[in-house]
Amino acid sequence: MNPTIETLLGHRSIRRFEDRLLPEGLLEQLIACGQRASTSSNLQAYSVIHVSEPERKAALAVLCADQVQIHQSAAFLAFCADLHRDRMAGQMHGVERFDGDYVEALLIATVDVALMMQNVAVAAESVGLGICMIGAMRNHPKAVGKLLKLPPFVYAVAGMCLGYPAQHPAIKPRLPMEAVLHREQYMEDTTHRAYLSAYDQAMVDFYESQGMHPSDPRWTTVVGGRAGQFHNRAELDAFLSEQGFKLRAVSQDPTDL
């Protein structure tokens, strides 16, 4: 064990913050840590928007399910996948081709910003801050894009609340290592299901202690239902297309069927 590993293993989302500002310069230091994350081909396909103006922050919170931790946060950040900057780089030198309409473009930018977010989160927790990722940033992507004045080939992947914790929630159990670390090849479903059933009991104990999911606190039930709700963010598909990420329809070779 070392301080870095202890910080990582001690992660929990914080949804209540003290009314306390960040020290001057700390936010910039955290972003600098984020910039040291791995990035594909040094594209650095990300941008971070610090939303601090009260009315704008309140409006953004409403678009993100009006979660109290956004209002209470000392800093609220919108992490954006950003190929606009890379496109400009090419335009500065007369490069005509820009492959923004391929899946690879969307994946590179999304992975880049996700890696950066995690670096910022770990750095923040290492100095005593709490964090909460806000996936609800994708609930109303068009309105968020308008509010943040996002140019083409940019979309908000997630938000992050930063602040000093006003609560110390229990650490949520994760899947057993055996269900995540496959050996040589993907494990058979029979073995996989056995691990999931064992994890169900751990999550029943946790959810009951937290008063969550009273109707059926098994993990497989909770996430099984959640995986059937992705359609609720169908607007994101249209918004990504409007932003330029027009994913190409590939004609399938009959021999591959």
Side-chain angles (χ1 to χ4, degrees), residues 25 27-53 56-57 59-60 63-64 75-124 133-160 162 230-231 233-257:
L27 177 61
E28 291 76 13
Q29 188 175 43
L30 298 178
I31 299 302
C33 290
Q35 288 186 270
R36 299 315 305 171
S38 297
T39 169
S40 181
S41 302
N42 203 31
L43 288 173
Q44 302 176 71
Y46 45 67
S47 283
V48 185
I49 301 176
H50 176 206
V51 180
S52 60
E53 194 278 317
R56 188 183 305 276
K57 184 178 180 181
L60 193 55
L63 293 173
C64 298
F76 185 62
L77 307 176
F79 283 80
C80 301
D82 183 357
L83 285 176
H84 175 69
R85 182 188 303 112
D86 299 297
R87 186 187 189 193
M88 280 197 300
Q91 291 172 337
M92 290 169 64
H93 301 282
V95 176
E96 295 183 1
R97 178 159 182 162
F98 176 72
D99 287 344
D101 53 353
Y102 284 84
V103 172
E104 177 70 354
L106 181 61
L107 285 179
I108 279 179
T110 304
V111 170
D112 260 21
V113 73
L115 292 172
M116 188 203 194
M117 286 183 70
Q118 185 64 12
N119 261 30
V120 172
V122 174
M133 305 287 193
I134 305 295
M137 184 73 77
R138 302 186 300 278
N139 283 0
H140 303 284
K142 294 182 182 181
V144 168
K146 182 177 180 179
L147 185 66
L148 300 179
K149 295 186 178 181
L150 301 182
F153 296 102
V154 180
Y155 83 99
V157 175
M160 182 189 292
L162 290 171
F230 297 148
H231 65 278
R233 290 179 178 165
E235 181 185 318
L236 182 61
D237 297 38
F239 178 68
L240 288 174
S241 180
E242 291 173 6
Q243 288 297 91
F245 296 102
K246 304 181 192 298
L247 303 185
R248 294 165 172 264
V250 179
S251 58
Q252 192 171 32
D253 186 340
T255 60
D256 293 334
L257 296 177

>> Measuring only between side-chain heavy atoms, which start at C-beta, is E104 closer than 4.5 Å to D99?
In response: no
>> If you define the side chain from C-beta out and look only at heavy atoms, does anything of M160 sit under 4.5 Å from I134?
In response: no
Distance check, rounded to the nearest 0.5 Å: [X] atom [atom1] versus [Y] atom [atom2]?
X	Y	atom1	atom2	answer
F98	H84	CZ	NE2	9.5 Å
R56	L148	CZ	CG	7.0 Å
C80	M116	SG	CE	10.5 Å

Closest approach of [X] to [Y] (non-hydrogen atoms, all atoms of both residues):
X	Y	result
M133	A121	CE-CB, 4.0 Å
G159	M117	O-CE, 4.0 Å
A124	L162	CB-CD2, 3.6 Å
L83	A109	CG-CB, 4.0 Å
A156	R138	O-CG, 3.8 Å
N139	L63	CB-O, 3.8 Å

>> Once side-chain contact (heavy atoms from CB on, under 4.5 Å) is applied, do any residues pair with L240, and if so which ones, sequence neighbours excluded?
In response: L106, Y155, L236, F245
> Can you list the residues that meet the side-chain contact (heavy atoms from CB on, under 4.5 Å) rule with K246, with sequence neighbours excluded?
Replying inline: D101, S241
Which side-chain N or O atoms in residues 44-51 pair as donor and acceptor under 3.5 Å with protein atoms at least two apart or in another chain?
unit_1: Q44; atom_1: NE2; unit_2: N42; atom_2: OD1; d: 3.2
unit_1: S47; atom_1: OG; unit_2: D82; atom_2: OD2; d: 2.6
unit_1: S47; atom_1: OG; unit_2: R85; atom_2: NH2; d: 2.7

Name every donor-acceptor pair, under 3.5 Å, that has one atom in a side chain of residues 89-96 and the other anywhere in the protein, sequence neighbours excluded.
none

>> So, using salt bridge (Lys or Arg N to Asp or Glu O under 4.0 Å) as the criterion, who are the partners of E235 when residues are at least two apart?
In response: none
> Quick one: salt bridge (Lys or Arg N to Asp or Glu O under 4.0 Å) partners of K146, sequence neighbours excluded?
Replying inline: none
> Is it true that the NZ or CZ of R87 lies under 6.0 Å from the centre of F153's six-membered ring and within 45 degrees of the ring axis?
Replying inline: no
> With distance as the sole test, does D112 use its side chain to make a donor-acceptor pair with the main-chain N or O of S40 at under 3.5 Å?
Replying inline: yes
